[in-house]
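Written out below as structure tokens is the structure these notes cover.
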Amino acid sequence: MGTYINKGNNAFRDIVTHEYVDKSPLIPLVNATLNSENRYSCVTRCRRFGKSIAAKMLCAYYDKSCDSRELFAGLKAAKDPSFEAYLNRYYVINVDMTDFTTRYRRERDIVWRIQSKIIDDIQKEFPQIDRKEDDDLMEILYRISESTGERFFMIIDEWDAILREMGTDEYITTAYVDLLRRLFKGSGSNEVFAGVYLTGILPVKKYNTESALNNFCEYTMTRPGQMADALGFTHDEVETLCQKHGMDIREMERWYDGYRIGKASRMFNPYSVMKAITNEEYGSYWSTTGAYDSVKTYIQMNFDGLKDDVIRMLSGEQVNVDTTEFQNDMRIVNSKNDVLTVLIHLGYLAYDQDEQECYIPNKEVADEMNNAIKATSWEPLVKTIQNSKSLLAATIAGNEQAVSQAIDIAHDEHTSILAYNDENSLACVLSIAYIWAKNEYIIHREYATGKGYADLVMIPRRNVSKPALVIELKYNHSADTAIDQIKRKNYPDKLSEYAGDILLVGISYNKETKQHTCKIMKA
């Protein structure tokens with residue numbers, strides 16, 4: 001068993017003998033590309049989204065040095081017509097680039113070391129192949145393929161680790177990209193490789209408008225294609241896990257749901273889901289120092305409209321983003337769109353491909369975003385969050401004057417985000433003003449109740465002992481009018497299933513005085 005070639009199936013065996021969600025339908029998708037013009041695949045997702053597990057599964061399936069039939073017995077891939085045709089068919093070269101960035105982080109010859117280590121391992125498997133002094137990896141592979149008729153399947157896990165972690169050294173990054181080009185775009189590549197599968201966080205870097213490896217089929221967070229649900233957990237998969245382990249699917253949704261990846265509209269972070277099941281406790285399991293530091297850097301960049309967009313997303317809104325400008329390089333960030341696109345690839349934002357909008361997907365990510373903001377010099381947003389806590393407390397306490405004053409402040413701070421001239425814009429400002437409430441309440445805008453719609457309905461989460469809030473907004477009408485409308489439309493009746501107290505909150509804005517008034521009463 002080699003280090004980089006013929007690694008066998010032990011890694012995948014360890015996975016399937018424990019709690020395993022069947023993601024083997026990836027195999028027929030890759031099989032369909034083998035020995036074709038589409039044989040080069042690059043699948044990128046945010047960290048801890050199941051990329052390495054998928055790579056180990058493919059290694060176990062294709063590696064001809066082992067017999068993996070029993071490992072796939074009962075899995076979905078085993079029922080596909082292509083399963084038998086390619087099972088344990090190829091010599092597999094499986095490389096995790098983080099192994100090299102960890103060992104040789106400070107060495108400029110890291111690309112040479114990568115080739116040398118892989119060649120040494122390959123020579124143990126093919127001792128009859130001579131190695132000349134100036135041979136590179138591609139030359140050795142081509143010579144083997146030419147003399148034996150064998151083709152290789154190559155897996156590079158975390159392919160972009162060198163670019164992400166050592167990207168400030170142009171010598172290293174250029175040498176690495178040249179290696180990839182030599183392997184996968186050079187003469188003889190199609191004769192050597194039956195298939196190539198890359199995983200990473202970032203798509204292949206663009207030079208001007210063209211990808212450095214434009215022969216790769218890319219499946220990204222923003223354009224996942226047929227690989228939409230191949231990585232990550234679907235809602236059905238998480239629901240099954242919750243039923244098996246006695247976990248609350250609604251809490252799983254609140255903490256880890258929300259990624260919309262292509263046609264897969266509800267995708268969960270699998271690492272966090274499994275940690276919550278193992279620990280029998282919901283919480284943030286996803287953060288790492290590297291990405292956290294990047295978020296702090298990006299959200300402080302002085303691009304027009306960026307801070308407003310972050311505030312809107314924290315309040316639950318979606319914002320427009322153009323993901324086509326980004327050059328797939330975390331160090332080349334030239335606009336607000338670039339910042340938002342980086343955060344999508346890192347998993348701090350989710351992307352709605354149909355609407356071309358991004359948003360914060362769930363509580364786990366929202367908490368990490370808030371932590372990143374607190375650690376920045378971005379005082380206005382830190383103050384907004386602090387004011388939001390005070391606003392919620394004043395609302396629950398029935399302090400009408402304090403609520404009016406707090407919303408006045410929110411209005412003054414955030415009118416640059418939108419035109420403040422109707423009840424819809426007032427609702428947007430209130431969503432921002434009540435940012436903090438999302439930690440304790442499920443917030444609905446335009447909530448169907450009784451004979452009409454309440455502008456905001458805030459229902460306490462099951463572990464929160466606080467009153468529900470029904471908020472009606474009036475532009476250039478009195479707060480009493482808002483309360484009367486709540487009563488007239490029987491809004492609280494719709495919340496009869498909620499056993500706790502309900503507060504009716506009427507908020508109005510006078511366009512002449514430019515001030516808000518508030519009326520609060522129990523239902």
Side-chain angles (χ1 to χ4, degrees), residues 307-308 310-317 360 363 366-367 369-371 373-374 378-418 420 422-447 454-461 463-475 477-480 482-483 486 491 495 498 500-510 513-523:
K307 292 183 179 180
D308 286 345
V310 172
I311 291 171
R312 290 180 65 178
M313 287 188 288
L314 283 170
S315 72
E317 300 287 324
I360 296 174
K363 176 172 171 54
D367 286 354
M369 186 73 79
N370 279 321
N371 289 337
I373 289 168
K374 291 175 187 177
W378 192 1
E379 294 180 6
L381 184 51
V382 174
K383 186 177 179 181
T384 294
I385 294 172
Q386 292 171 343
N387 290 344
S388 180
K389 292 182 184 180
S390 300
L391 171 61
L392 180 60
T395 306
I396 293 171
N399 189 335
E400 297 169 348
Q401 184 177 1
V403 170
S404 299
Q405 291 174 347
I407 296 173
D408 281 340
I409 292 172
H411 166 233
D412 293 340
E413 288 179 346
H414 304 303
T415 48
S416 64
I417 298 176
L418 40 81
Y420 199 71
D422 57 22
E423 289 172 14
N424 181 63
S425 58
L426 176 56
C428 291
V429 168
L430 280 198
S431 294
I432 294 170
Y434 281 102
I435 281 177
W436 178 255
K438 293 179 64 180
N439 291 283
E440 299 175 339
Y441 285 83
I442 299 171
I443 301 177
H444 303 274
R445 281 187 60 181
E446 293 295 318
Y447 189 71
D455 291 307
L456 289 175
V457 171
M458 297 164 55
I459 302 174
R461 300 189 183 279
N463 59 345
V464 175
S465 179
K466 290 184 177 178
L469 306 176
V470 179
I471 304 176
E472 184 69 28
L473 314 172
K474 285 298 173 186
Y475 183 81
H477 292 81
S478 70
D480 287 323
I483 291 291
I486 295 175
Y491 290 156
L495 302 177
Y498 174 67
D501 294 335
I502 300 174
L503 293 182
L504 312 183
V505 183
I507 297 172
S508 69
Y509 176 73
N510 188 310
T513 64
K514 295 183 172 21
Q515 289 186 324
H516 299 80
T517 56
C518 175
K519 183 76 174 180
I520 302 173
M521 63 181 297
K522 286 189 177 181

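Worth saying up front: this structure is predicted, and the values here are computed from it rather than measured.
Taking OG from Ser404 and CD1 from Ile409, the interatomic distance works out to 11.0 Å, rounded to the nearest 0.5 Å. Taken from CD in Gln405 to CD1 in Ile407, the straight-line distance is 11.0 Å, to the nearest 0.5 Å. Here the OH-CG distance, from Tyr434 to Leu392, works out to 7.0 Å after rounding to the nearest 0.5 Å. Atoms CD1 and CG, on Ile385 and Asn370 in that order, are 4.0 Å from each other to the nearest 0.5 Å. The CE atom of Met369 sits 6.5 Å away from the CG atom of Leu314 when rounded to the nearest 0.5 Å.
Side-chain atoms of Arg312 do not come within 3.5 Å of backbone N or O of Glu317 as any donor-acceptor pair. Of the possible donor and acceptor atoms, one in the side chain of Glu400 sits under 3.5 Å from a partner among the backbone N and O of Ile520. For the pair Asp408 (side chain) and His516 (backbone), a donor-acceptor distance under 3.5 Å is present. The closest donor-acceptor contact from the side chain of Ser508 to the backbone of Ser478 lies at 3.5 Å or more, if one exists at all.
Taking Asp480 as the reference, nothing meets the side-chain hydrogen bond (donor to acceptor under 3.5 Å, both in side chains) condition, with sequence neighbours excluded. Residues passing the side-chain hydrogen bond (donor to acceptor under 3.5 Å, both in side chains) test with Asp367, sequence neighbours excluded: Lys363. Qualifying side-chain hydrogen bond (donor to acceptor under 3.5 Å, both in side chains) partners for Asn510, counting only residues two or more places apart in sequence or in other chains: none.
Residues Val457 and Ile471 form no side-chain contact, since every pair of their non-hydrogen atoms from C-beta on lies 4.5 Å or further apart.
Under the 4.0 Å criterion applied to side-chain N and carboxylate O atoms, Glu440 and Lys466 are assigned as salt-bridge partners.
Residue Lys438 places its NZ atom among more than 12 non-hydrogen atoms of other residues, nucleotides or ligands, all under 6.0 Å distant.
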